[in-house]
Trainee: 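Questions regarding the structure given below will be posed in turn.
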Number of protein chains: 2
Amino acid sequence: MSALDTALHGLRSLIADSALRPGDRLPSEGELCEQLGVSRGSLREAIRMLAALGVLETRHGSGSYVSELRAADLIGSLSLTVGLLPMEGVLELTELRRALEPHATALAASRIDEQTLDHLDGLLDANEATADLDEQSRIDHEFHMTIAEVAGQDALTSLIGVLRSRSRSYRMSDPGDAAELKLHSDAGHRAILRGLREGDPVAAAAAASAHVAYTEYWVKKNSGSV
Amino acid sequence: MSALDTALHGLRSLIADSALRPGDRLPSEGELCEQLGVSRGSLREAIRMLAALGVLETRHGSGSYVSELRAADLIGSLSLTVGLLPMEGVLELTELRRALEPHATALAASRIDEQTLDHLDGLLDANEATADLDEQSRIDHEFHMTIAEVAGQDALTSLIGVLRSRSRSYRMSDPGDAAELKLHSDAGHRAILRGLREGDPVAAAAAASAHVAYTEYWVKKNSGSV
DNA sequence: ATGACAAAGTCGTCCTACGAATTGGAACGG
DNA sequence: CCGTTCCAATTCGTAGGACGACTTTGTCAT
């Protein structure tokens with residue numbers, strides 16, 4: 001086994017065996033090098049890998065710590081990489097959204113409170129009023145992420161956020177298409193909000209499903225980027 | 001910006017800007033050090049991070065290469081870390097399965113062929129016949145992953161695999177409970193297969209949903225590990 | 001008690017050196 | 001001319017040392 005694997009496996013075992021628990025500080029790099037029998041360079045590479053995956057966090061001058069190991073955080077580590085996916089990959093992710101967003105919307109329908117409903121309503125008003133594409137994108141994102149948060153499943157919210165972060169950056173190349181998309185999109189948002197306000201999980205989920213499917217249709221048709 | 005961030009951002013940009021495409025070989029470490037203006041150690045740490053996330057692959061003596069950047073592979077990188085999640089985290093993941101597995105099962109219902117149906121049937125026969133817990137676990141895994149594959153969405157299959165890989169390792173502490181679980185579990189499997197064979201996506205999805213919910217119930221009730 | 005300060009500990013970065021694996025081409029034999 | 005063998009160059013893997021940057025802690029003077 002290579003030195004890097006030794007270090008990686010060693011660190012992973014320390015956590016898996018609960019010798020190190022969430023929030024704990026790791027021994028210093030020097031100590032770990034001795035314990036695991038690898039050089040500092042190899043050890044640091046292993047630490048970086050676990051840090052990239054959201055398992056460890058390193059603080060300069062202080063030490064390395066085991067993260068809280070929340071499912072949402074580990075899933076969030078994907079956000080660094082989904083931005084590199086080619087077009088086909090984005091469509092695969094959209095397919096995941098077709099399963100997740102209706103689910104989240106249905107959950108939200110039975111938990112959402114009056115105040116949040118009003119907030120969402122205000123977002124849609126603002127979205128329909130502005131012509132700024134960046135602003136529309138920002139509001140759209142907040143609308144959907146708010147619903148995901150209301151669903152109350154952190155891992156679900158995080159995953160939806162990761163998946164949305166990619167399709168979000170696409171723009172219609174044809175202005176006419178963009179206008180048509182916005183028209184349908186606004187209607188879709190209203191339908192979702194209606195389902196939420198009526199506390200109707202089935203209606204809300206159906207509206208969310210249609211909304212994602214419609215988005216997917218346009219992304220597929222219009223492969224413009226950035 | 002730290003040297004590590006410089007290297008990380010530099011590599012990421014090379015891929016994002018399509019200067020490096022899937023399958024391409026990166027310049028040697030020495031060249032990259034010059035280009036990016038960082039030491040070899042820092043560069044290697046950045047490479048390791050991207051490798052951990054499934055973006056790069058390094059081959060000893062040959063060089064580092066950009067991966068195929070398939071969504072399924074990037075999602076698969078989570079499998080190294082979900083094994084470290086505590087109990088609460090596993091329940092969060094099960095909640096995700098409640099959305100994903102019915103979706104996959106519904107898709108599978110409209111695509112599955114006779115041969116695969118017979119294969120699944122054989123798996124259930126074998127599962128009901130054996131008393132070996134490891135064997136049951138293996139068959140259960142193959143049954144569900146086969147359905148996920150038939151759904152034809154690689155990213156979905158990969159994600160379900162990652163999520164299942166965790167709950168899979170749990171065992172009932174009480175033998176009576178285990179027997180009861182198996183009884184219901186077998187019935188659930190049969191219900192799913194029935195839906196698939198009849199090409200009924202709604203029935204299949206409902207059966208899958210009930211199956212996951214039932215699993216979740218037992219995992220919640222019985223917090224035994226390993 | 002409070003604040004500034006100094007010292008120790010820890011991570012961040014760079015450098016050099018050499019071992020291990022792969023690769024490509026040259027030399028050889030057919 | 002073709003195939004094989006072997007060597008040398010290239011590249012990654014690992015180790016160790018050195019020093020700077022940052023944090024933490026404890027001390028000291030106010």
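Quick caveat: nothing in here was measured; it's all calculated off a predicted structure. First the proteins, then the strands, lettered A, B, ... as listed; each starts at 1.
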Trainee: In whole Å, I'd like the distance from the CZ atom of R59(B) to the C1' atom of dA20(C).
Mentor: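 It is 17 Å, rounded to the nearest whole Å.
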Trainee: With a 6.0 Å cut-off on ring centres, are H103(B) and H103(A) close enough?
Mentor: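 So the answer is no for these two rings.
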Trainee: Do the side-chain N or O atoms of S39(A) get closer than 4.0 angstrom to the phosphate oxygens (OP1, OP2) of dA15(D)?
Mentor: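 So the side-chain polar atoms of S39(A) do come within 4.0 Å of the phosphate oxygens OP1 or OP2 of dA15(D), strictly under.
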Trainee: Would you be so kind as to tabulate the donor-acceptor pairs closer than 3.5 Å made by side chains of residues 20-38 of chain A, with sequence neighbours excluded?
Mentor:
from: D24(A); atom 1: OD2; to: R21(A); atom 2: N; distance (Å): 2.8
from: R25(A); atom 1: NE; to: S62(A); atom 2: O; distance (Å): 3.4
from: S28(A); atom 1: OG; to: E31(A); atom 2: N; distance (Å): 3.4
from: E29(A); atom 1: OE1; to: R40(A); atom 2: NE; distance (Å): 2.6
from: E29(A); atom 1: OE1; to: R40(A); atom 2: NH2; distance (Å): 3.0
from: E29(A); atom 1: OE2; to: R44(A); atom 2: NH1; distance (Å): 2.8

Trainee: Give the B/S/- string for nucleotides 3-10 of chain C, one per nucleotide from 5' to 3', where a protein heavy atom under 4.0 Å of the base yields B, of only the sugar-phosphate yields S, and otherwise -.
Mentor: ------BB
Trainee: Short of 4.0 Å, heavy atom to strand atom, which residues of residues 40-57 of chain B count as contacting DNA chain C?
Mentor: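 R40(B), S42(B) - these, ordered by number, are the residues of the stretch whose heavy atoms sit under 4.0 Å from the strand.
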Trainee: Are any side-chain N or O atoms of T94(B) and backbone N or O atoms of V90(B), one a donor and one an acceptor, separated by less than 3.5 Å?
Mentor: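 At least one qualifying donor-acceptor pair exists.
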Trainee: With distance as the sole test, does K182(B) use its side chain to make a donor-acceptor pair with the main-chain N or O of Q136(B) at under 3.5 Å?
Mentor: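 No: the side chain of K182(B) does not pair with the backbone of Q136(B).
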Trainee: For the residue pair H119(B) and E142(B), confirm or rule out a side-chain donor-acceptor distance under 3.5 Å.
Mentor: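 The answer is yes; a qualifying pair exists.
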Trainee: Just to verify, what does T6(A) make a side chain to side chain donor-acceptor pair (under 3.5 Å) with, not counting sequence neighbours?
Mentor: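 Counting only residues at least two positions away or on another chain, T6(A) forms no side chain to side chain donor-acceptor pair (under 3.5 Å).
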Trainee: Side-chain polar contacts of residues 74-84 of chain B - donor-acceptor pairs under 3.5 angstrom, sequence neighbours left out - could you list them?
Mentor:
from: S77(B); atom 1: OG; to: L74(B); atom 2: O; distance (Å): 2.6
from: S79(B); atom 1: OG; to: G76(B); atom 2: O; distance (Å): 2.7
from: T81(B); atom 1: OG1; to: L78(B); atom 2: O; distance (Å): 2.9

Trainee: Quick one: side chains of residues 153-160 of chain A, donor-acceptor pairs under 3.5 Å with protein atoms, not counting sequence neighbours, listed by atom name and distance.
Mentor:
from: T157(A); atom 1: OG1; to: A148(A); atom 2: O; distance (Å): 3.0
from: T157(A); atom 1: OG1; to: Q153(A); atom 2: O; distance (Å): 3.0
from: S158(A); atom 1: OG; to: A72(A); atom 2: O; distance (Å): 2.8

Trainee: Among dC14(C), dG12(C), dA15(D), which nucleotide sits nearest the side chain of A3(A)?
Mentor: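 The answer is dA15(D).
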Trainee: Tell me the interatomic distance from L32(B), atom CG, to dT11(D), atom P, rounded to whole angstroms.
Mentor: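 To the nearest whole Å, that distance equals 11 Å.
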Trainee: If I take atom CG in residue L36(A) and atom C1' in nucleotide dT14(D), what distance separates them, rounded to the nearest angstrom?
Mentor: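 These atoms are roughly 15 Å apart.
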